[in-house]
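Please read the structure below before turning to the comments.
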Amino acid sequence: MYRATWRRSAVVAAVAASLFIGSAAQAAATPEHGRVSTAFEIPGDRVYPEGIAADPHTGDIYVGAYEGGAIFKVTRGQRVAKEFLPSDGRAHALGLEVDRARRLWVADRNTGVAVYDIPRQRLIARFVVPRDADRLINDVAIAPDGTAYITESRRAEVYRVTPRQLEEARDHDGPVPITPAFDLSGHLDPREPGAITLNGIVAAPTGRYLLTVDMTGGDLYRIELPSGRVSRVALRGGDLNRSDGMELRNGTLWVAHPILDANAISRWSIGKDGRTAQMTRRITDQALQLPTTMVRTHGGLYVVRSQFDKGGPSGEGTPQLPFSIAFVRI
């Protein structure tokens, strides 16, 4: 059974507090409860899950551990996940994504992103970002052409790894450096130094644009591809304050809101050109246990119950064991 190594620092605590702690006043004015149940459990008493992804070929689900960086796997029908990849240098596994070639992309909070061949359970390539300052590598999205886009939450930047770069990295001995493809810092409203900005990111199925959320400002941004032209999405019926991971399917966007005392998931209808978003529903339920992100498969949402506020990076206390993933219909 996996046991994550427990590490805590004042810096991590401060960052996590800005990420995940908000007041109940940030929830919807009229809270609505959804159908929340437990999908499966994750072994380990200090895992604090953060990211999740599903293999489009098999339906297998992968979950990343914030503490220790291990990756867990569960197949449909299983009630307990098993360790799939131990940490190979990762301290924190955040955003996860599986591409059409059955490669698992894992964002490491401190360094960059690693890519694994799922059938062989082996590392293909590792991409690292410049370390001239503290970084927060957060979430991953895969566009239809196979290009990966990765958010950096301190500088409001988006990194890009093209299929060609991935192929070249396979033959490279050691990590490959990458630089930002898009800089959104000039498009965001002014923030306090060190504020967490870009978080969740998704790619339109047409390949024409990306959507990424500013966690602190509550705004949604559209990045046109391939030009990188940035525009703010017009939100109607709600806001995206304290937003984390997102899932986009058939014009519907689901967003996780890890807000203390008001754990929430919102659902939005995205305009055909990705320039408008209308909130159609929002549920709040303590059973979500500080949701960080989700993946839609098997007819519902598999939502990560991070419990970051229960002895994790954003609060004192003791987590409810075992850690688990929720199944939600919304």
Side-chain angles (χ1 to χ4, degrees), residues 49-66 68-74 81-131 135-153 157-182 198-203 207 210 212 225-226 245-247 292-293 295 297 304:
E50 208 281 348
I52 192 169
D55 186 330
H57 294 275
T58 64
D60 295 341
I61 296 175
Y62 298 88
V63 179
Y66 179 86
I71 307 299
F72 295 86
K73 172 185 174 180
V74 67
K82 297 180 179 179
E83 186 177 285
F84 178 71
L85 292 171
S87 173
D88 55 1
R90 286 183 305 276
H92 310 282
L94 273 66
L96 270 63
E97 193 63 80
V98 178
D99 64 22
R100 294 178 180 175
R102 301 196 66 202
R103 293 176 296 225
L104 176 64
W105 298 69
V106 181
D108 182 341
R109 179 186 186 278
N110 298 321
T111 60
V113 62
V115 188
Y116 299 88
D117 180 287
I118 288 178
R120 298 181 181 181
Q121 283 182 252
R122 97 180 155 80
L123 179 70
I124 297 175
R126 193 185 303 275
F127 298 91
V128 296
V129 301
R131 293 309 306 269
R135 297 284 186 174
L136 176 48
I137 311 305
N138 208 322
D139 203 6
V140 184
I142 308 293
D145 68 353
T147 300
Y149 297 91
I150 305 103
T151 53
E152 200 288 321
S153 297
E157 296 170 338
V158 177
Y159 290 83
R160 175 176 57 202
V161 177
T162 66
R164 180 176 179 179
Q165 287 175 307
L166 179 58
E167 287 303 312
E168 292 174 348
R170 294 173 73 114
D171 300 324
H172 191 275
D173 184 18
V176 176
I178 52 173
T179 56
F182 310 124
L198 302 187
N199 199 324
I201 187 169
V202 292
L210 306 168
T212 184
L225 298 177
M246 306 191 298
E247 177 81 340
T292 51
T293 191
V295 65
T297 187
V304 175

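Start at 1 with the first residue, then count along the sequence.
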Notebook entry, point to check: Would a distance-only check, ignoring hydrogens and angles, find a side-chain to backbone donor-acceptor pair under 3.5 Å from Thr212 to Gly200?
Noted result: yes
Notebook entry, point to check: Counting only N and O atoms by type, is there a donor-acceptor contact under 3.5 Å from the side chain of Thr151 to the main-chain atoms of Val158?
Noted result: no
Check: What closest approach, in Å, do Ala70 and Glu83 show between heavy atoms, and which atom pair accounts for it?
Finding: CB-OE1, 4.1 Å
Checklist line | Asn110 side, atom CG; Arg90 side, atom CZ - distance, nearest 0.5 Å | finding: 12.0 Å
Next item on the list: Mind telling me whether Tyr66 and His92 have parallel, tilted or perpendicular rings, with 30° and 60° as the class edges?
Entry: tilted
Check: So do the side chains of Tyr62 and Ile118 get within less than 4.5 Å of each other, counting heavy atoms only?
Finding: yes
Notebook entry, point to check: What are the two closest heavy atoms between Pro119 and Arg102, and how far apart are they?
Noted result: CG-NH1, 3.6 Å
Note to self: How close do Ser153 and Asn138 get, counting heavy atoms only, and between which atoms?
What the structure shows: OG-ND2, 2.8 Å
Next item on the list: First locate atom CZ of Arg103, then atom CD of Glu97, and finally report the distance between them rounded to the nearest 0.5 Å.
Entry: 12.5 Å
Check: Which atom pair, heavy atoms only, marks the closest approach of Glu152 to Arg135?
Finding: OE2-CA, 3.4 Å
Margin query: Between Gln165 and Val176, is the side-chain contact (heavy atoms from CB on, under 4.5 Å) condition met? List the steps.
Written below: CA-CA 9 Å; Gln165 287 175 307; Val176 176; over 6 Å; no
Check: So, the side chain of Gln121 versus the backbone of Phe84: is there a donor-acceptor pair under 3.5 Å, distance only?
Finding: yes
Next item on the list: Supply the atom-to-atom distance Arg170 CZ to Leu123 CG, rounded to the nearest 0.5 angstrom.
Entry: 10.5 Å
Notebook entry, point to check: Within a strict 4.5 Å, meaning less than it, do heavy atoms of the Ile150 and Val129 side chains meet?
Noted result: no
Next item on the list: Take Asp145 and Leu225, measure what side-chain contact (heavy atoms from CB on, under 4.5 Å) needs, and give me the verdict at the end.
Entry: CA-CA 11 Å; Asp145 68 353; Leu225 298 177; over 6 Å; no
Checklist line | For the student: nearest non-hydrogen atoms of Tyr116 and Ile124, plus distance | finding: C-CD1, 3.8 Å
Next item on the list: Can you spot which of Thr147, Asp99, Val98 makes a side chain to side chain contact (heavy atoms under 4.5 Å, CB included) with Ile142?
Entry: Asp99
Item checked: Nearest-0.5 Å distance that lies between atom CD1 in Ile178 and atom CZ in Arg160 -> 10.5 Å
Next item on the list: Determine, stepwise, if the pair Tyr149 / Phe182 fulfils side-chain contact (heavy atoms from CB on, under 4.5 Å).
Entry: CA-CA 10 Å; Tyr149 297 91; Phe182 310 124; 3.8 Å; yes
Next item on the list: Starting at CH2 of Trp105, measure out to CG of Leu166 and round the result to the nearest 0.5 Å.
Entry: 4.5 Å
Check: What are the two closest non-hydrogen atoms of Ile71 and Ala93, and how far apart are they?
Finding: CD1-CB, 3.9 Å
Check: Please, which pairs that meet salt bridge (charged side-chain N to carboxylate O under 4.0 Å, His left out) have at least one residue in residues 121-130, sequence neighbours excluded?
Finding: Asp88-Arg126
Notebook entry, point to check: Does a side-chain N-to-carboxylate-O contact under 4.0 Å join Asp60 and Lys73?
Noted result: yes
Item checked: Stepwise side-chain contact (heavy atoms from CB on, under 4.5 Å) test for Leu94 and Leu136 -> CA-CA 10 Å; Leu94 273 66; Leu136 176 48; 4.2 Å; yes
